[in-house]
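Have a look at the structure below, then the notes.
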Amino acid sequence: MGTTADHPRSGHPRRITMTPAARRVLAAAARLFYERGIHAVGVDLIAAEAGVTKKTLYDRFGSKEQIVVEYLADRDERWRAFLAERLDAARPEPGERVLAVFDASRAWAAELSPKGCSMVNAHAEISDPAHPAHPVITGQKQWMLALFTRLASDIAPERADALARALMLLHEGALVAHGLGIFPDAIAHAREQARALLV
């Protein structure tokens, strides 16, 4: 099994080198994990959906835990690239860049996350810090807080930390409300609340 090894305590879990068969497994697992939940999906179903044998699945990934790591890390990488494109296209004013994060999340949720944030959903099932996917989940949220802090420091350096935390709470609360279908267009509502904080 080809791997790129990181120390598991480094915050960067071990990743594997993707072969065509591994990509098929990951695509099947990603769809099933998101639709049904991580614990509800077994390797037999993933292998069947991917059109590979269980032996091939284990040869490529070694364990179900590693498939979960790859699923979440892939989602995180795709989200960061998606967000970067929208931040690059945003107007340069600091406040507009903050609002662009909410716009990106709204577009991502509509297209790719109808059942809510995959990291939040995964954390509901994986709360043990010893699980190899745990650093992927918490790392993504720490990265989002750091992003909001950088953006907030361009708006109000003297209150950047407090502003960033307020923006993060609005953003994450909106993702949860969206996933639960609490009320329509939760992320757009959070965007307007964020705009009020920026004045």
Side-chain angles (χ1 to χ4, degrees), residues 4 6 10-13 15 26-27 30-31 33-34 68-124 126-127 129 133-199:
T4 54
D6 274 314
S10 70
H12 300 286
R15 303 289 304 279
L26 181 58
R31 178 175 54 78
F33 287 156
Y34 188 77
V68 175
V69 168
E70 299 296 336
Y71 155 61
L72 293 171
D74 180 68
R75 290 277 294 198
D76 183 32
E77 288 166 0
R78 289 191 293 126
W79 159 245
R80 293 188 197 205
F82 185 91
L83 178 55
E85 286 180 6
R86 278 144 186 84
L87 285 173
D88 287 346
R91 288 165 48 191
E93 295 88 347
E96 292 300 318
R97 291 174 60 75
V98 168
L99 298 179
V101 176
F102 287 84
D103 292 336
S105 290
R106 186 172 181 242
W108 175 273
E111 181 182 345
L112 296 165
S113 293
K115 297 176 73 172
C117 173
S118 55
M119 299 296 164
V120 171
N121 296 348
H123 191 263
I126 301 169
S127 58
H134 193 267
V136 181
I137 299 167
T138 56
Q140 202 247 20
K141 297 308 181 183
Q142 289 162 354
W143 182 82
M144 286 299 299
L145 179 58
L147 172 64
F148 278 126
T149 302
R150 288 195 303 275
L151 294 173
S153 67
D154 291 334
I155 296 167
E158 72 286 352
R159 61 183 182 100
D161 286 345
L163 178 56
R165 289 171 184 171
L167 292 168
M168 181 77 173
L169 289 171
L170 281 171
H171 183 263
E172 296 304 308
L175 295 182
V176 172
H178 163 77
L180 294 174
I182 299 300
F183 54 86
D185 217 350
I187 300 172
H189 183 73
R191 181 189 192 275
E192 292 312 302
Q193 297 300 308
R195 184 197 294 276
L197 292 176
L198 301 178
V199 296

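Start at 1 with the first residue, then count along the sequence. None of the values given here were measured: they were computed from a predicted structure.
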If you compare all heavy atoms of [X] against all heavy atoms of [Y], which two are closest, and at what distance to 0.1 Å?
X: Met119; Y: Lys141; value: CB-CE, 4.0 Å
X: Ala174; Y: Ala190; value: CB-CB, 3.5 Å
X: Pro157; Y: Ser153; value: CG-O, 3.2 Å
X: Ala73; Y: Val136; value: N-CG1, 3.6 Å
X: Tyr34; Y: Gly116; value: OH-O, 2.6 Å
X: Leu72; Y: Ser118; value: CD2-O, 4.0 Å

Rounded to the nearest 0.5 Å, how far apart are [atom1] of [X] and [atom2] of [Y]?
X: Gln193; Y: Leu198; atom1: CD; atom2: CG; value: 11.5 Å
X: Leu180; Y: Lys115; atom1: CG; atom2: NZ; value: 11.5 Å
X: Arg106; Y: Asp185; atom1: CZ; atom2: CG; value: 4.0 Å

Identify each donor-acceptor pair in which a side-chain atom of residues 77-90 lies under 3.5 Å from a protein atom, sequence neighbours left out, and give them as a table.
{"unit_1": "Glu77", "atom_1": "OE2", "unit_2": "Arg15", "atom_2": "NH1", "d": "2.8"}
{"unit_1": "Arg78", "atom_1": "NE", "unit_2": "Asp74", "atom_2": "OD2", "d": "3.1"}
{"unit_1": "Arg80", "atom_1": "NE", "unit_2": "Asp76", "atom_2": "OD1", "d": "3.0"}
{"unit_1": "Arg80", "atom_1": "NE", "unit_2": "Asp76", "atom_2": "OD2", "d": "3.2"}
{"unit_1": "Arg80", "atom_1": "NH2", "unit_2": "Asp76", "atom_2": "OD2", "d": "3.0"}
{"unit_1": "Arg86", "atom_1": "NH1", "unit_2": "Phe82", "atom_2": "O", "d": "3.2"}

Practice prompt. For the pair Tyr71 (side chain) and Ala27 (backbone), establish whether a donor and an acceptor sit closer than 3.5 Å, ignoring hydrogens and angles.
Written response: no
Practice prompt. With sequence neighbours excluded, tell me which residues meet ring-ring contact (aromatic ring centres under 6.0 Å, His included) with His178.
Written response: none
Worksheet item: Looking at Leu147, Leu163, Ile155, which hits side-chain contact (heavy atoms from CB on, under 4.5 Å) with Val98?
Response: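 One option only clears the test, and that one is Ile155.
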Worksheet item: Does NZ or CZ of Arg75 lie under 6.0 Å from the centre of the six-membered ring of Phe33, at an angle within 45° of the ring axis?
Response: no
Worksheet item: Under the side-chain hydrogen bond (donor to acceptor under 3.5 Å, both in side chains) test, which residues partner Glu192, sequence neighbours left out?
Response: Arg195
Worksheet item: Aromatic rings His171 and Phe102: how do their planes relate, parallel, tilted or perpendicular, breaks at 30° and 60°?
Response: perpendicular
Discussion item. If the threshold is 4.0 Å, N to carboxylate O, is there a salt bridge linking Arg97 and Asp154?
Written reply: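 So Arg97 does not pair with Asp154 through a salt bridge.
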Fill in: Side chain to side chain, Met168 and Thr149, heavy atoms closer than 4.5 Å
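They are not in contact (no side-chain heavy atoms under 4.5 Å apart), so the answer is no.
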Worksheet item: Looking only at side chains, do Arg191 and Ser105 share a donor and an acceptor under 3.5 Å apart?
Response: no
